[in-house]
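Below you'll find the structure, written out as structure tokens, and then a few comments.
Note: hydrogens, waters and symmetry copies are ignored here, and every other heavy atom, side chains too, is used. Computed from a predicted model, the values in this text were never measured in an experiment. Reminder, nothing fancy here: chain letters follow the sequence lines and each chain counts from 1.
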2 protein chains.
Amino acid sequence: MNLKDLEYVKAIAHFKHFRKAADACYVSQPTLSGQVKKLEQELGVTLFDRSTKQVTLTVQGERLLTQIKVILEQTQILKELAATSSAPLQGRVKIGIIPTIAPYLLPTLLTSMKEAFAESQFAFVEMQTANILTALDNGELDIAILADVPELKLYHTVNIYKEDFLVAMSNQNNLAKRDKVALDELQSCSLLMLSDGHCFKDQAQQFCFAAGVDVSNEYQGNSLETLLALVAMDDGVTFVPKLACSERIGIRYLPIFPTQQRRVVLACRKHYPHLAGIELLANWLSEHPSLRQQLTKVLN
Amino acid sequence: MNLKDLEYVKAIAHFKHFRKAADACYVSQPTLSGQVKKLEQELGVTLFDRSTKQVTLTVQGERLLTQIKVILEQTQILKELAATSSAPLQGRVKIGIIPTIAPYLLPTLLTSMKEAFAESQFAFVEMQTANILTALDNGELDIAILADVPELKLYHTVNIYKEDFLVAMSNQNNLAKRDKVALDELQSCSLLMLSDGHCFKDQAQQFCFAAGVDVSNEYQGNSLETLLALVAMDDGVTFVPKLACSERIGIRYLPIFPTQQRRVVLACRKHYPHLAGIELLANWLSEHPSLRQQLTKVLN
DNA sequence: TTAATATGATAGTTATTATCTATTAGTTGT
DNA sequence: ACAACTAATAGATAATAACTATCATATTAA
């Protein structure tokens, strides 16, 4: 059975005239006749009485027409449902976000983001990179916001922003008067690091190693905030991504040279159904004024 | 959009597996993939998330699946309606029947006829032939039971039975002792006839004319019963179809020679939708025992 | 009645599209 | 790394919906 054929029947019943119905359905009259005949054979019921002057429905035809109309109405509803739900990222969207981004990105963006994507119900979960990736695989997460790592080759990613790393040190530190600092100048200071699993730690450790700078592992903080508290007490220095560099009493942020950066991306499964929505969201994020402002602000 | 495609979607949602769904739908997996993809494009909605280990419905897919199931259910109902209403002569059937048949055929058959065609609601209307034919044209009647006449060439007809004409006369009539009578022997009697419009009158008049017998038109009865009442009072003789020859006080029925007959047929429009039902009904009628018995009973 | 008009059915052909088989790309599990 | 599995793709074929042209029949008008 075919929905088109049901439309034909409805049209003939309405016009009581094959040619007029055919015109209304944008097909030729023989097509209409043929298809209706086929449907009648399939149903085993003669729907129309073509023998009287006017084409009329048979008794059975009348009964079946009611049901045919029901089907066509429900089909129309399906189409309308589809049309209204075709907005990108419709419905619940679970987003994983790493701990070195979440607290600095979300507060400023969350409200306007909810407004901009009103059809979506975002749920954010703070997780470390490795967990995020398996959660993406399982479908527990739809999207992730995290720093670019080689593993992301297996996923679909869109850039959101690049951010510099700075060194955070106490005002008392003898480097604090400088306006920038070279990596190897940090050799003398004790470098505070995040605990294992934070991709930020891996990356910092990596470029320290490349610059031949030793890293003391005597203390590993669970969050940047903890580390910064230690830094404020002049217990060491640490690296901080630019977004996290809000004014803090007793702390000075210095640019590093050569510049160290990380790329923050939006990631999802390679064949995530709503890639278009992902692009849209990433674009919206990357162009958000308050984000741009935070990334470019001059630190005193 | 296509109902088959909706079936495919339902199957995939059920099995969460394209190949299994394809098997269940008796098509190949590529066919399934292709058709679902086409449907997704048509609706502008991605129904399935094929990127996770298990195929799952997207949020929109879940919403639409509910509606898809509604459509398929309603389609099933349509099929069932068609199947149950495919019995021949389903519903109201209006039957026209001529006055020289109705009172003799219906009483014996009506009850068992209703039983045999339980799905039909028969409505009988007693009409003369000419009116019956126009009523068939207008769709006011579906079927007619009447004596065969040339005009029926334009209609679809099926034989029900042939019946002899007999002469009804008073016991007092001087021909009443005979066991049969020749047409021209009636010349002496006054021949009572039905009024104009009765095909039975036309036919009787016709074969009287052919036999060179004069017909007095001094009295035209409106029904056979009236004529027979006159006959009983020996006011004349009349022709009676065999079926009407029930035992009546003071009346004797005699066969005519050469035998005169009429053919009683079931008629409908040439393209009446339920010709199969017509055949069935005609067949049932012609084989009905009490009809056969009435047609062959020996009159004393 | 004959001619003109209208209507749905039929025949034959073409275009469309649903389906198939074979293969590929990408995953998963051993 | 390799075998097994799954969905997507490519290309060919079969099914069928569609068209044009024509017919049969019925209705209307001259």
Does a side-chain N or O of [X] approach OP1 or OP2 of [N] to a distance below 4.0 Å, or not?
X       : N      : value
B/His17 : D/dA7  : yes
B/Ser28 : C/dT19 : no
A/Lys37 : C/dT10 : yes
A/Arg19 : C/dG8  : no

Need to verify one output field. Residue with the more 5' nearest nucleotide on DNA chain D, B/Val55 or B/Lys270?
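Whichever sits nearer the 5' end wins; that is B/Val55.
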Pairwise 5' ranking along DNA chain D for A/Asp5 and B/Lys16, keeping only the more 5' one
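By nearest-heavy-atom nucleotide position, the 5'-most residue is B/Lys16.
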Distance-only donor-acceptor test, A/Gln35 side-chain atoms vs D/dA18 base atoms, 3.5 Å:
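Per atom types, no contact qualifies.
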Nearest-Å distance, [atom1] ([X]) to [atom2] ([N])?
X       : N      : atom1 : atom2 : value
B/Lys38 : D/dT9  : NZ    : P     : 16 Å
B/Asp49 : D/dA8  : CG    : P     : 11 Å
A/Gln54 : C/dG8  : CD    : P     : 10 Å
B/Gln29 : C/dT24 : CD    : C1'   : 12 Å
A/Phe48 : C/dG8  : CZ    : P     : 11 Å
B/Asn2  : D/dA15 : CG    : C1'   : 13 Å
A/Lys4  : D/dA15 : NZ    : P     : 20 Å
A/Leu6  : D/dA17 : CG    : C1'   : 15 Å

Would you kindly compare B/Thr31 and A/Lys20 by the position of their nearest DNA chain C nucleotide and give the one closer to the 5′ end?
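Of the two residues, A/Lys20 wins.
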Can you figure out which of D/dA21, C/dG8, D/dA8 approaches the side chain of A/Pro30 most closely?
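Of D/dA21, C/dG8, D/dA8, D/dA21 is nearest to the side chain of A/Pro30.
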Minimum-distance nucleotide (side-chain atoms of A/Val27 versus D/dC19, C/dA9, C/dT19):
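For A/Val27, the side-chain atoms sit closest to D/dC19.
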In terms of relative ring orientation, are A/His274 and A/Tyr272 parallel, tilted or perpendicular, with 30° and 60° separating the classes?
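Ring orientation of A/His274 relative to A/Tyr272: perpendicular.
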If we count only N and O atoms by modelled type, under 3.5 Å, do the side chains of A/Thr58 and A/Asp49 hold a donor and an acceptor together?
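Note: A/Thr58 and A/Asp49 side chains miss the donor-acceptor criterion.
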If we count only N and O atoms by modelled type, under 3.5 Å, do the side chains of B/Thr66 and B/Glu62 hold a donor and an acceptor together?
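Looking only at side-chain atoms, B/Glu62 and B/Thr66 do not form any donor-acceptor pair under 3.5 Å.
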Rounded distance (nearest 0.5 Å) linking atom CD of A/Gln60 with atom CG of A/Leu65:
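Taking CD in A/Gln60 and CG in A/Leu65, the distance rounds to 13.0 Å.
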Name the nucleic acid region contacted by B/Tyr8, choosing base, sugar-phosphate or nothing; use a 4.0 angstrom heavy-atom cut-off, strictly under.
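Sugar-phosphate, backbone atoms only, no base.
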Go through B/Ile145 and B/Leu285 one step at a time and tell me if the side chain to side chain contact (heavy atoms under 4.5 Å, CB included) criterion holds.
CA-CA 11 Å; B/Ile145 296 174; B/Leu285 286 170; 4.2 Å; yes
